[in-house]
Amino acid sequence: MAYKKRYDGRGFNDTRPIEATAGVIKNADGSAHFKIGKTEAYAAVYGPRSLHPRFMQDPKKGVLRCFYGMMPFSGAGDRVRPGPNRRSKELCLVIQKALMPVLDLSAYPNAVVDLFIDFPQTDAGTRCAAICAASIALADAGFPMRDMVTAVSLGKVEDKMVIDLDYQEEAHEDGDVADIPLAMVPSTGEITLLQADGFFTADDLKGGLADIQPVVEEIAEQMRAAVRARYEG
Amino acid sequence: MTESTVLVKDKTVVAPGQALANGMEFFPGPGTYREGDTIRANQIGMLTVDGKVLKTTPLAGRYTPKVDDVVIGRVEDILMSGWRIDFNCPYSAVLPLQDATTDFIKKGADLTEYFELDDFVACKITQVTSQNLIDVSMKGPGLRKLKGGQFLRVNSAKVPRLIGRKGSMVSMLKDATGCQIVVGQNGVVWLNGENEALAVTMVQRIENEAHIPGLTEKIKTTLEKETGKKIDMAAIQEEERKQFEERKSFERKSFERKRFDRKPRFNKPRQKAFKK
């Protein structure tokens, strides 16, 4: 059987509708709200500030510390237990690794930049939404960064390559589903995060990467506009 | 080679990664970088096209310490021979004894006689190392312990606007409200005087409207209305110039003093022991 039409009716290379805002949390040094479909992320950046315990300090450059969390009511109805768990710890790590290649913290030796990302509502694609929200928040906080890392998921449902899967598609039962979260530096096309879950061929991935590049650039432009809007007053 | 073009208008806000210009005829300045044929922004900032050079002035970010900045800090800790000052920045500074006072202080003396924990001081940064270890000094006109009054925090990117060209804005505020005001480059402002409330609202307004052109004039009319007093800008500028001269002459003197210190000391009379 072939996958002919997506559950919510959009095209195979379309993302869900995106909303991005910068500066939503006044106490933070930088903050962002990023919404893609029903997945909604808030990111707040605090710092640079002094880092304790001291053994975590890096005398060469500042440290980026990420905290990822789904709020208890954010799932499909079951309570999500708050606090760190195996999954969220992994996500904190991959988000940090996805952002560091563009972020220049060499001016802040021995200091830390804390990045908090929380989800009031989730519908798949949270790590991608987290990276987008984090990029906006870091830019809003005024850190020097080469570009705004943009993330969106690539996937394969039955025989079709699709962009930006929602939960219904991830849970599709009539055939195989592959989910490939991906983060990219839009200006150079460097990939800073690529994870994969499911079966697909090398050609599938090559084709998907070619399709996703313009989508990433579009999202990046939306994110930049959000940061600019904050300061254009 | 293709033709070089600037893609963004002068004095607009640009975001990280945004393409600013194409071609090799333009050069990347501070806040921008070159990637192949394009020049891109490196951080959120206001773009300035300066001839062939593109640069951005940052609009956000915490205060980064620079030598010769006057900052307002809080005494955080008392060390063996000095004080540790926290000044709203990821790194704390050290105020060494010899830069804090001209008094003779005996070894093992109680340093809290000079500065107690949680005292606020206006001090000047004398040294910043690559690891951001910072030294400050209290020697200089206007550098002192700040008693009473109230403290405000403003965005450090807005501080130049609050001070104004050659200090015009803050001098006008001082003159109109009769308050003592010290502005630290780190974004801490100290105000003390009868008409504090007016000064506080004005400082907050300047912070919020920093990007509006002709702000000094607007603030001037509001101040004149509130206080019912005419503001004489010429007199303020004259006063400001005098203070500037004073600062310059202090710097010159301290420079000469340092040169004198380098001379051999053997023909100088021995100093008498100080009495505590």
Side-chain angles (χ1 to χ4, degrees), chain A residues 20 22-23 28-31 45-51 57-62 102-113 135-150 184-190 217 220-233, chain B residues 8-9 11-20 28 30-47 56-66 76 84 86-92 128-133 153 155-158 187 207-213:
Chain A
D29 291 293
S31 60
V45 170
Y46 291 84
R49 53 188 184 183
S50 51
L51 174 55
Q57 292 182 353
D58 184 349
K60 286 184 183 142
K61 60 177 183 346
V102 298
L103 194 63
D104 179 14
L105 295 180
S106 58
Y108 311 109
N110 297 325
V112 68
V113 177
S135 280
I136 303 172
L138 286 166
D140 180 39
F143 286 103
M145 51 206 283
R146 223 156 30 97
D147 206 339
M148 303 192 40
V149 177
T150 307
M184 219 183 232
V185 183
S187 60
T188 59
E190 286 165 81
E217 263 159 42
E221 207 33 68
Q222 227 168 323
M223 285 160 56
R224 289 191 197 114
V227 187
R228 284 197 297 263
R230 164 97 201 273
Y231 290 97
E232 271 157 359
Chain B
V8 188
K9 265 194 228 149
K11 301 286 171 214
T12 46
V13 180
V14 293
Q18 191 179 347
L20 305 177
T32 64
Y33 69 100
R34 181 183 288 290
E35 171 84 57
D37 216 26
T38 12
I39 294 174
R40 288 176 188 278
N42 201 9
Q43 68 187 123
I44 180 82
M46 179 89 76
L47 177 72
T56 64
T57 17
L59 290 170
R62 284 211 178 176
Y63 170 70
T64 36
K66 280 193 292 294
E76 185 185 42
R84 186 166 286 285
D86 163 41
F87 59 103
N88 192 17
C89 165
Y91 308 94
S92 57
V128 182
T129 70
S130 67
Q131 294 300 302
N132 283 344
L133 302 173
R153 219 180 242 196
N155 185 341
S156 68
K158 309 273 171 71
E207 193 199 359
N208 291 333
E209 299 179 9
H211 55 283
I212 295 175

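We name chains A, B, ... by the order of the sequence lines, and we start the count at 1 in each one. For the numbers below, each heavy atom of this structure counts, side chains included, while hydrogens, waters and symmetry mates do not. Quantities reported herein were computed from a predicted structural model and do not represent experimental measurements.
No donor-acceptor pair closer than 3.5 Å links the side chain of N132(B) to the backbone N or O of A111(A). With hydrogens and angles ignored, the 3.5 Å screen pairs a side-chain donor or acceptor of Y91(B) with a backbone N or O of P109(A). Judged by distance alone, with hydrogens and angles left aside, the side-chain atoms of Q43(B) form no donor-acceptor pair with the main-chain N or O of F143(A) at under 3.5 Å.
When heavy atoms are compared at a cutoff of 4.5 Å, T38(B) does not approach chain A at all. Only the backbone of A41(B) comes within less than 4.5 Å of a heavy atom in chain A; its side chain stays farther off. Contacts between T188(A) and chain B at a heavy-atom distance below 4.5 Å involve the side chain alone, from C-beta outward. Interface remark: E35(B) contributes side-chain atoms only to the contact with chain A (heavy atom separation under 4.5 Å). Heavy atoms closer than 4.5 Å to chain B are found in the backbone of D140(A), but not in its side chain. Proximity to chain B (any heavy atom under 4.5 Å) is shown, for A225(A), by neither the backbone nor the side chain. Looking at A141(A), the atoms closer than 4.5 Å to chain B (heavy atoms on both sides) all sit in the backbone: N, CA, C or O.
For S156(B), the side-chain contact (heavy atoms from CB on, under 4.5 Å) partners at least two apart in sequence or on another chain are Y63(B).
D147(A) contributes atom CG, which lies 5.0 Å from atom OH of Y33(B) (distance to the nearest 0.5 angstrom). How far OG1 of T12(B) is from CZ of R228(A): 8.5 Å, rounded to the nearest 0.5 Å.
More than 12 non-hydrogen atoms from other residues, nucleotides or ligands lie less than 6.0 angstrom from CZ of R34(B). Residue K158(B) places its NZ atom among more than 12 non-hydrogen atoms of other residues, nucleotides or ligands, all under 6.0 Å distant.
Taking the charged nitrogens against the carboxylate oxygens, R62(B) and D29(A) do have a contact shorter than 4.0 Å, which makes a salt bridge.
When the options I44(B), V14(B), V13(B) are evaluated for a side chain to side chain contact (heavy atoms under 4.5 Å, CB included) with V227(A), the one that passes is I44(B). Checking R146(A), M148(A), M223(A) one by one against P16(B), the side chain to side chain contact (heavy atoms under 4.5 Å, CB included) holds for a single residue, M148(A).
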